[in-house]
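Presented below is the structure to which this report refers.
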Amino acid sequence: MQDYLSTLNPEQRAAVEHTGKPLLILAGAGSGKTRVITTKIAYLIREKGYNPYSILAVTFTNKAAREMKERACRIEGRAENAMLRTFHSFGAWFLRRNAEAAGLSPNFTIYDDDDTAALLATIMAGAPKGEVRAAAGRIARAKDYFLDPDSLELPLVDHRKEFRVIYRRYEDRLREIGNVDFGDLIKKPVEILRNNPAIKARIHDRFRVIMVDEYQDANIAQFELLRELYADGAYICVVGDDDQSIYSFRGAEVQNILQFPQKFDGVDTIRLVRNYRSVAPILNLAGIVVNNNAGRLGKELVAERGDGKTPRLVFVQDQDTEAKFCANLVERAVDAGGAYSDWAILYRTNAQSLGFETEFLRRRVPYRVVGSLKFYEREEIKDALALLALMCNPRDEVAFRRVVNKPVRGIGGTTVERVLEQASGVGGDLLAALNEAQTGMTAKARQGVQSFLTALDEARGLLAGNTPSDDDGVAEADGAAEVAEIDGNGVAREKPGKRDKRDAGEKGGKKEKPARPLLKGAEGLSLCVAALAEGSGIAGYHHANDDIKGESRLANLQELVNAASLYPASADGLAEFLEHIELDRSIENAEDNETDMVTLITLHNTKGLEFKKVIMTGVEQGVFPRWDKRDAELEEERRLFYVGVTRAMDELYMTCAEIRRVWGQTQMMEPSVFLHEARDADIKLIGDVPWSWENHRRTTG
DNA sequence: GACAGTGAAATTTTT
DNA sequence: TTTCACTGTC
């Protein structure tokens, strides 16, 4: 009758049916972890009578969250109402509903790492960009570890006493602006729950089941959040694999999973060690290498698939040979009836993808590069998003600075600083301050300010429930501005030219460019986005750049406009759109999944994925692991090796080059220490085995 | 504010 | 080698 349970193995089934005490599921690679979680959600609803509404399951990636929801719903439709989110998306959800308790307005927007660095740059005026970035990183790390500017442990992140000051000032500025950064999405909810018993009681009342996927990647702040969310009598279940912890450099704390049994009362532990993904020799190799790590919980995976092809270690001359070898291998397999999508090329650093791309392009081997799509990091997209953010929150200093004089409208640094100063008089509203600051400006600057404010106003007017404000004497300034623009400066040709273009659109004069291309066919929120991009001049500015450099920035803006059409044209819709973009930057390329292509991917990005055939490239000392890795960091690299190897289902190849060009210099390479550690595994050597490898074998083996 | 020229630096990065 | 941040000039 419960046939959805009958396909589980005994341990999986025990994990699914477990209730009561806190549960730690140690799930090795390929042991059916996602299956267990999704089945468990269905089971709790169907068999244990839990209201789906009372179930919270958190993951780290949006992709994982989506997949979990989809799979859980396939087993039990009511899972639709369970809350399956990423940690950060849950934090944002919680924070919007309890913004007041954190001294925030619910219309806050979320600063990404770039925004954070931009804000910090205004605090660390004059500091080199690298230093600002580093400090921004340490602030993020401090928040990962749940440390305040006045925490005693802050020196563990940065021992310099200036850091405390900088962190404090950063926090103060962020509060004044009324926005949050990624770290706040976790840290603030913890603080709210600690300081507001009523809110905490409400949350405890609601969430009776808490589940966490990839628990080995949780940081301290996330652990604290779980602790606050967890109510007496509720059920908590975390799933993870200490051997796959590869993000400690970003604050993930392996101790969370290692210490879980000590941190919660009466924890039950279930190990999932049957691997259904890889053939035995691959799993054996992975196990032998990761066994060199100390401080593991320790588990031996069992290859349910049994024996299979022996992993190959391929010695190649250099990186060009390496790329050719990969292309050959793939082509030969495809000629024999295989698919391109069976294959994945793994590398340690993004820079290594270039060689493969060049070779694959030349050979017409179809490929996709995972994770390199930086759509939301593009200048034009960030500009448009800053305009939208400013509309959402007129106190957003970072957004304001970014777009106030782009395109150039005569608002220089001095004016910007003056406006920021004045803004404190109008509750931090930078647009109001800008409007007021016009009195001291040249007519030209005033014209620029007017068109900027008008554009924002018009776009806001396109949101339901808003009408453009019709005050401020916008009309009066126009006449004077016209005059000023003409007698403005020596670049006589440029200014009138721009005006011509604008007029041409309306009068149908010049045909080459439609005046407001983005507005065509826009609907929903995209109408607002398009109007803002056009009206602010950002679209025109980047279109001009396209003409010169042959880029496709206008097309990218068009993409953004299209994406917005899914949201309602309202203030809430806008906030939702911005939040979605901040929290989920993965671009779902529907074609990618359907087209037959080789996957090029960094080792880090492969977690959670599997491929029939994997080529792990650049397995050389200095590249993987990098030179500077020792102790704990070396162990993390080793886990990365483990993750890479265990992605492979049927075939694994590892390539090791004799020489490699690094930053234009040719270097002699040595096989990775991980390969030496693997030498007791069954591996087939291919190519010219280097002297050092044989030598090492003789002396140690 | 846009440019050319110079010199130093160069991971991984779920959110 | 490439990329970028910084500097000085127009």
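Since we're looking at a predicted model, the values are computed, not measured. Just so we're on the same page: letters track the sequence lines, and every chain starts at 1.
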Next on the checklist: For A:Ile246 and A:Tyr541, find the nucleotide of DNA chain B closest to each by heavy atoms; which residue's nucleotide sits nearer the 5' end?
Outcome noted: A:Tyr541
Checklist entry - Looking only at atom P, what distance separates B:dT13 and C:dT2, rounded to whole Å? => result 22 Å
Item to check | P-based separation of C:dA5 from B:dT12 [nearest Å] | outcome: 16 Å
Checklist entry - Taking CD from A:Gln665 and P from C:dT1, how many angstroms apart are they, rounded to a whole number? => result 10 Å
Checklist entry - Between A:Arg133 (CZ) and C:dC4 (C1'), how many Å, whole number? => result 12 Å
Base, sugar-phosphate, or nothing for [X], non-hydrogen atoms under 4.0 angstrom?
X        : answer
A:Lys629 : base
A:Asn62  : sugar-phosphate
A:Asn219 : nothing
A:Arg348 : base

Item to check | Donor-acceptor side-chain pairing of A:Thr116 and A:Asp113 below 3.5 angstrom | outcome: no
List the atom pairs, with distances to 0.1 Å, where a side-chain N or O of residues 82-93 of chain A and a protein N or O form a donor-acceptor pair under 3.5 Å, not counting sequence neighbours.
{"from": "A:Arg85", "atom 1": "NH1", "to": "A:Ser89", "atom 2": "O", "distance (Å)": "3.3"}
{"from": "A:Arg85", "atom 1": "NH1", "to": "A:Ser89", "atom 2": "OG", "distance (Å)": "2.9"}
{"from": "A:Thr86", "atom 1": "OG1", "to": "A:Ser89", "atom 2": "N", "distance (Å)": "2.9"}

Item to check | Ring center gap for A:His604 and A:Phe249 short of 6.0 angstrom | outcome: yes
Next on the checklist: Taking the ring centre of each residue, are A:Phe356 and A:Tyr367 less than 6.0 Å apart?
Outcome noted: no
Checklist entry - Think A:Arg638 forms a cation-pi with A:Phe674, using NZ or CZ under 6.0 Å from the six-ring centre and within 45 degrees of its axis? => result no
Item to check | Contact boundaries on DNA chain B for chain A, cut-off under 4.0 Å to non-hydrogen atoms | outcome: B:dG1 to B:dT15
Next on the checklist: Quick one, A:Leu640 and A:Phe624 - any side-chain contact, counting heavy atoms below 4.5 Å?
Outcome noted: yes
